[in-house]
Amino acid sequence: MAPSPKVQDGGWGWAIVVASFMAQLLAYGSPQSMGVLYPEWLHAFQEGKGMTAWVGSLVAGVGLIASPVCSACVDNFGARPVTIFSGVMVAGGLMLSAFAPNVQFLIFSYGIVVGLGCGLVYAATLTITCQYFDKRRGLALGIVTTGTSVGAFVYATAQNELIVLYGLDGCLLIIGAVALNLMACAGFMRPLYMPGYYLKQKAALERNTDEHLFEKPPLDDLKIATGSTTTTPEKTLTVKELLITMDAKDLTLQNQKTKGSFLARLAIMKVIKKKQQAYAKYMQCMYAILQDQAMVAFCIAVFLFSLGAFPPVLFIEDVAQSEGLIEEVSLIPLVSIGAIATCVGKLVLGILVDIKWINSIYLYAFTMFAGGVSLLLIPITKTYVGLQILSAILGFFSGNWSLTSYITTKIVGLERLTQAHGILMFFGGFGIMLGPPIVGWFFDWTQSYDMAFYFSGSCVVLGAFILFLLTLPCWKRKPSESDRPDVQYTSNCDKVASVA
């Protein structure tokens, strides 16, 4: 059942936007500003930088890699229950991290538990926002997704002050308690569509009701006294209540008879065959997507960009301290500067990509090239002001992450958007997971960040050239895949919502 026009693009939808914005802020605030926590964990556990970096890489990458599972949870149970459960996961993971005896425990409590909770929040907030907005969906999603950047800015400063006042353990306990407000945000997420799990329950209940409506009920069940015009309270039960209170033995016998029949076995075989056909069709669609040269180039570019551009978020504060540019984290950390620049970059690049004469793929390649050059300049920067400038530049061009679904739709079309975006997020999550440990291992090997950032910058620049060269007009591409009108991207709520 489609929502009425009054429901969409206004009204309670703006309450959904505020709740989703706050949910992303509360969930992603600490993981996006983990650069403040990373030096503290290095000092507390005395582990190598490569091993400790796994905490930050997993909390950012697990949610992306598990995005198909998170999306399936939202489709089956709805945004509100999923957000409540994610609040328990994020808050529990942060509080458990306060009692971590070693880095291996942190990898589980902070990296995996908090990472999965963030993935569930991301899927739930984007799905419920797309359901409530149609014409203003771009504006609504832009406001919601900036919650991660604002959260990184606020939490970087807050965690720095909390560590000074209460220590690392006290900071994590307080941040975890604040994350419980995710359950309050879930209270505003009133569903417009009944989730799949409840639809299946309703269908099964109605089917059982139809089967038993025309059966003659036993006299004992009705309990009507002879010659009396009144019935006992048992007779006033509804059909659903009678179904619930039926004898379990009768249900067991009925199920055994049904399962033993030939028709039931035939029906089961048909269901299995249909599922096999659906899986085969899904695999064929995935294979067809990976046959597209532009899509393969985009996946490689996203992987290389995630591999090289994410580590500075984790290591930039430690770089400044290792080079002796600053003794401790400043009042406005470098992570906060990068987060605000990323927020501005998302908005500016979102405006630029709507200009007709600007090619979105080449715009993404340019942002990658500029970000890669910024990474290459970090080792030769010997002032804290220089690091602040480079953090702002890198953060601005890292806002290109908001263009991924737009470019994916332009390459493969709206019909295959869900599968293609899932593939893209897998490559991005895989790159984010590998990037920080590789940079940490470079430092453990050379006792300097110079080679690590040269490697990161080279990966990003290489990805920009691969994307630019493999998408040149000289390559032969199908017109139906390369010349799709961009207006289709905002014309179908269900397809865009499923990207979450």
Side-chain angles (χ1 to χ4, degrees), residues 9 13-35 59-60 63-64 67 79 83 86 90 117-133 135-159 178-179 181-182 185 188-189 306 309-310 313 332-354 360 363-364 367 371 391-407 425 428 432 489-490 496-497 499-500:
D9 296 309
W14 294 115
I16 297 293
V17 169
V18 175
S20 300
F21 172 87
M22 289 302 302
Q24 291 207 8
L25 185 150
L26 293 170
Y28 282 94
S30 181
Q32 289 290 324
S33 58
M34 227 200 77
V59 75
L64 291 177
S67 58
T83 305
S86 66
V90 174
C118 291
L120 290 172
V121 170
Y122 190 80
T125 52
L126 263 64
T127 299
I128 193 70
T129 303
C130 287
Q131 289 178 358
Y132 269 87
F133 286 88
K135 295 180 182 178
R136 299 179 181 177
R137 186 183 299 133
L139 174 62
L141 288 175
I143 296 173
V144 170
T145 53
T146 53
T148 59
S149 301
V150 176
F153 174 78
V154 174
Y155 271 64
T157 304
Q159 289 182 150
V178 173
N181 287 286
L182 280 166
C185 296
F188 292 89
M189 297 181 182
S306 302
F310 178 73
V313 177
I332 302 179
L334 297 173
V335 178
S336 296
I337 297 174
I340 290 299
T342 301
C343 183
V344 176
K346 289 179 179 179
L347 297 175
V348 173
L349 294 175
I351 295 172
L352 290 177
V353 81
D354 285 332
S360 57
L363 176 64
Y364 192 91
T367 59
S391 297
I393 295 174
L394 183 61
F396 178 85
F397 290 113
S398 295
N400 61 6
W401 192 260
S402 61
L403 305 179
T404 53
S405 59
Y406 185 97
I407 297 174
M425 291 300 100
I432 288 175
Y489 180 68
T490 59
V496 178
V499 175

Looking only at heavy atoms, which two atoms of [X] and [Y] are closest? And how far apart?
| X | Y | result |
| --- | --- | --- |
| Ser33 | Gly29 | OG-O, 2.7 Å |
| Leu394 | Gly371 | CD1-O, 3.6 Å |
| Ala60 | Phe310 | CB-CZ, 3.5 Å |
| Met22 | Cys185 | CB-SG, 3.8 Å |
| Val121 | Ala23 | CG1-O, 3.8 Å |
| Ser149 | Lys346 | OG-NZ, 3.7 Å |

Under a 3.5 Å distance rule, please check whether [X] uses its side chain to pair with a backbone N or O of [Y] as donor and acceptor.
| X | Y | answer |
| --- | --- | --- |
| Tyr364 | Asn400 | no |
| Ser20 | Val17 | no |
| Thr146 | Ile143 | yes |
| Thr125 | Tyr122 | yes |

Problem set entry | Criterion side-chain contact (heavy atoms from CB on, under 4.5 Å) on Gln24 and Leu126, from CA distance to verdict | CA-CA 10 Å; Gln24 291 207 8; Leu126 263 64; 3.3 Å; yes
Once you round to the nearest 0.5 Å, how far does [atom1] of [X] lie from [atom2] of [Y]?
| X | Y | atom1 | atom2 | answer |
| --- | --- | --- | --- | --- |
| Leu64 | Cys118 | CG | SG | 10.5 Å |
| Tyr28 | Leu25 | OH | CG | 12.5 Å |
| Ile337 | Phe396 | CD1 | CZ | 16.0 Å |
| Ser398 | Leu349 | OG | CG | 10.0 Å |

Exercise for the section: Mind running side-chain contact (heavy atoms from CB on, under 4.5 Å) on Val18 and Phe188 for me, showing each step along the way? Expected result: CA-CA 9 Å; Val18 175; Phe188 292 89; over 6 Å; no
As a quick check of understanding, evaluate side-chain contact (heavy atoms from CB on, under 4.5 Å) for Thr83 and Ser86, giving each step before the final call.
CA-CA 5 Å; Thr83 305; Ser86 66; 4.2 Å; yes
